[in-house]
Amino acid sequence: MTGTHEGAGAVTVTAAPGTAPATTEAEPAPHGLGVSLPSADAPAKTQGTFPYAADLWAEGLLWAAILRSPHPRARILSIDTKHAAEMPGVRAVVTHEDVPGDAGHGRGTPDRPVFAKDEVRHHGEPIAAIAADHPDTARLAAAAIAVEYEVLEPVTDPQLAFEAEPLHPDGNLVRHIPLRFGDPEATGEVVVEGLYRIGRQDPAPIGAEAGLAVPRPDGGVEIYTAATDPHTDRDLAAACFGLPQDKVKVVVTGVPGATADREDPGIQLPLGMLALRTGCPVKLAATREESFLSHAHRHPTILRYRHHADAEGTLVKVEAQILMDAGAYADTSADALAAAVSFACGPYVVPHAFVEGWAVRTNNPPAGHLRGEGAMQVCAAYEGQMDKLAAKLGLDPAELRLRNAMATGDILPTSQTVTCPAPVAELLQAVKDAPLPDLPKDAPQEEWLLPGGPEGAGDPSAVRRGVGYGIGMVHMLGAEGADEVSTATVKVSGSVATVICAAVETGSGFSTLARQIVQETLGVEEVHVAAVDTDQPPAGAACHSRHTWVSGGAVERAAKMVRTQLLQPLAHKFGMSTELLQIADGKITSYDGVLSTTVAEALDGKELWATAQCRPHPTEPLDDTGQGDAFVGLAFCAIRCVADVDIELGTIRVVELSVAQDVGRVLNPAQLRARIEAGVTQGLGAALMENLRTTRGLVRHPDLTGYPLPTSLDAPDIRIVKLIEERDVVAPFGAKPVSAAPVVAAPAAVASAVRAATGRPIGRLPIRPQAAALTPLS
């Protein structure tokens, strides 16, 4: 008979009679920065026990449904809710007349009503909301609301928005940025022009939006939802409900992945109103169709370019016009346009640049934040121009890019000096030099993977292979004067540490990073990250990988303050400074070996805690000519794409994507690799298949059948050939964001490879089969 005893790092085994006892020291689990620490919530997610918003329940629960406009543009003549309100089981019906406070909301510009009042401006805009005792009753009651419309002609072409009648009280123009840099009279010996169109990519979250609103005895309300910016959501909700902010609380539930602003306030606000009206908890779980109709998408964009170069291929001037379709409401379109205009020339040295950028309202679905917004659209265009320029000059496309690559110390067309590491040439050289995959002819013909999927229908003789490049750049954190600040508290008691920070874990890995920071700084292996709600100080939105920098920086500062509290008594006792003491694996030792104790012994039953903030250096808005130090820092990524194209069918198979990226510092190798691969795959979707199609403003097939996403069968080999760890001195840990830059570069690289294979211009994303086919079907 044997028994076990679990101690602090040791396991004692009681052996059978007649044998000597054996003791083995268990190796401490690796932890701290630079280690592939697994996510704490991974077991719950894989076992299906992780609590998402759609899983929430409360006693006396009511169900909500939202009536949405079937028209992209119409005047509302009347709304009759009488029949719906009289249906058995219906507890409340609310419309614009019932909004007690500010009826406008929006991430960037509060120009979006909770419920349409006089006019609907896009397909799916909320008209009314119902609370009932059963979800089917709520949906039936919503359908029973009689709305009389005067259908109006929608404006769906952003080029027509300039001359169209105003679609919104604020007009059709969201923002105009005229960038002026250098000499307008400068010209080059070689000139190429191009027209590019980028489609409407949807964030397509794994789980559709859901939430639960619970009224409080004090007249307030608590909203449980997968928010990515809970404090902004709270402020919008409080203004809408006519309540002080301390009467509204947003509690963040499990977020089923986020590649954009995860939660649409247009769902949260009706929920809170219904809970306040009925005095009961109210829940809503959106259908996939509602999800497509409600949340923001990537901005469809039209881009016109003219590149000037000398006979050697050195860029002289770039001229561009960028028109972004904001949809019905402004949201974050002003920010997206600023990124597009600022990065319109790409990571290349351009002495003269003249760019006109506009974001306009239409009656299309609203656009907003999505990874690499603005930067992705212009990357597809300027890389298309570099391919055209290389072809005209008879140069290798990679060589042309290398001749013009940006480096640290160069100046952006906004006149901002690039002070962060910018190893653009090194990244491009790395993917250029990487070995190419084997050609299909080296394998038996029956084993070929033809374009069009397994068992491709095409003729192998019609398949052409192309190699193309894309170099993307993104900005880190907010821009143009955004106050990027985050607050964190670190507590240590016994052998356990707790991190309190309102940074939402959206899949970016912040919770894991926070654990690693505390482990590294305090030597405490067991670290818990508290659930997020708005009773905590704000940490800002979960976008631009800002939590790695700002919230991670706040956690580090708080942990270092606790470290000082912990070490000061020991340093004083032994007559040395705290800098001469180190913490590792739960032990405190001095440089000379005189002092050796554990963290738990040094704490001696006390609880230590500290709160700290992190605020990066300020930025400034772009001026009337597009000039200004608008960005905290930049990140770069180079991708080489190898693609096979069936020139008869126009089908495309991406064989391999090779990636090189400057990451500043690798904090969690496995997590970093996963983020890069996810970004590349999202970019692949934008290049080949993802486009939320509309007909005269009506969303066609708002479901995952009509909106295809890349699956494991579509994903090619993704090879990370180089990670450059040149630390950014102004960033905590020196790390850079990693997920957005591959999203930006991948579509451009795929389009470049298809150009190389077919010789076609490829100016539209996603790439249509007819654009890649050279011969008509017989």
Side-chain angles (χ1 to χ4, degrees), residues 104-113 121-122 158 161 168 170-177 198 200-203 205 209 227-233 235-236 258-269 294-301 322-343 357-362 364-378 474-484 504 506 508 538 540-547 550 619 621-622 630-632 682 686 692 737 739-740 743-744:
H105 69 91
R107 288 292 183 196
T109 304
D111 63 344
R112 190 173 183 175
R121 298 184 176 90
H122 71 91
H168 189 278
D170 294 340
N172 295 347
L173 181 64
V174 175
R175 188 177 187 184
H176 172 221
I177 303 177
I198 311 300
R200 181 181 290 104
Q201 189 179 24
D202 189 273
E209 290 79 358
T228 58
D229 188 2
H231 288 83
T232 297
D233 288 353
D235 297 346
L236 291 172
T259 58
D261 285 332
R262 177 60 179 78
E263 196 70 14
D264 172 29
I267 285 180
Q268 301 172 30
L269 301 182
S294 62
H295 58 226
H297 314 86
R298 190 181 298 282
H299 292 80
T301 307
I322 302 167
L323 177 57
M324 306 188 80
D325 183 354
Y329 298 105
D331 204 88
T332 58
S333 297
D335 298 336
L337 182 67
V341 170
S342 300
F343 304 147
W358 302 271
V360 295
R361 292 182 177 90
T362 63
N364 289 319
H369 171 69
L370 197 63
R371 276 182 185 158
E373 71 269 18
M376 187 277 260
Q377 291 92 323
V378 296
V474 296
H475 65 90
M476 297 181 284
L477 312 182
E480 293 194 274
D483 185 18
E484 294 287 0
V504 177
T506 62
S508 64
C543 58
H544 302 299
S545 296
R546 63 182 305 283
H547 285 320
V550 185
T619 57
L622 297 175
F631 307 108
V632 176
Q682 186 177 8
L692 190 66
S739 59
V743 179
V744 169

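All of these numbers come straight from a predicted model, not from anything done at the bench.
- Arg298 CZ to Met376 CE: the interatomic distance, rounded to the nearest 0.5 Å, is 4.0 Å.
- Using cut-offs of 30° and 60° on the angle between ring planes, the pair Tyr329 and His168 is perpendicular.
- Contact check for Gln682 versus Gln201: side-chain heavy atoms found under the 4.5 Å cut-off.
- Distance CG/Leu269 to CG/Asp233: 8.0 Å, rounded to 0.5 Å.
- Going from atom CD1 of Ile198 over to atom CE of Met324 covers 10.0 Å, rounded to the nearest 0.5 Å.
- Nearest approach of Ala227 to Val504, heavy atoms of both residues: O-CG1, 3.4 Å.
- Arg175 places no side-chain N or O within donor-acceptor distance of the main-chain N or O of Ala359, the cut-off being under 3.5 Å.
- Residues meeting the ring pair (Phe, Tyr, Trp, His ring centres under 6.0 Å) test with His547, sequence neighbours left out: Phe510.
- Glu484 places a side-chain N or O within 3.5 Å of a backbone atom of Gly478 that can act as its donor or acceptor partner.
- When all heavy atoms are compared, the tightest approach of Thr619 to Phe631 is CG2-C, 3.6 Å.
- Side-chain contact between His122 and Arg112 is present, with heavy atoms from C-beta onward closer than 4.5 Å.
- Judged purely by atom type and a 3.5 angstrom limit, Glu480 has no side-chain atom pairing as donor or acceptor with the backbone of Ala338.
- To the nearest 0.5 Å, atom CD of residue Gln377 and atom CG of residue Leu323 are 11.5 Å apart.
- Pairing each heavy atom of Ala296 with each of Pro203, the nearest pair is O-CD, 3.4 Å.
- The closest donor-acceptor contact from the side chain of Ser333 to the backbone of Ala330 lies under 3.5 Å.
- Listed here is the closest heavy atom pair of Ala375 and Val474: CB-CG1, 4.3 Å.
- With contacts defined as side-chain heavy-atom distances shorter than 4.5 Å, the pair Thr109/Val174 does not qualify.
- When side chains are defined from C-beta on, Leu337 does not count as touching His299, because their heavy atoms never get closer than 4.5 Å.
- Side chains of Asp202 and His295: a donor on one and an acceptor on the other come within 3.5 Å.
- Interatomic distance, Asp229 CG to Asp235 CG, rounded to the nearest 0.5 Å: 8.5 Å.
- Side-chain atoms of Asn364 and Thr362 include a donor-acceptor pair closer than 3.5 Å.
- Between Ala340 and Ile322, the shortest heavy-atom contact is O-CD1, 3.8 Å.
- For the pair His297/Leu370, no side-chain contact is recorded, criterion being any heavy-atom separation below 4.5 Å from C-beta on.
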Starting from the C-alpha separation in whole Å, work towards a yes-or-no answer on side-chain contact (heavy atoms from CB on, under 4.5 Å) for Arg200 and Asp325.
CA-CA 9 Å; Arg200 181 181 290 104; Asp325 183 354; 3.8 Å; yes
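- In this structure a side-chain-to-backbone donor-acceptor pair under 3.5 Å is present from Asn172 to Ala161.
- Between Arg361 and Ala328, the shortest heavy-atom distance links the atoms CD-O, 3.6 Å.
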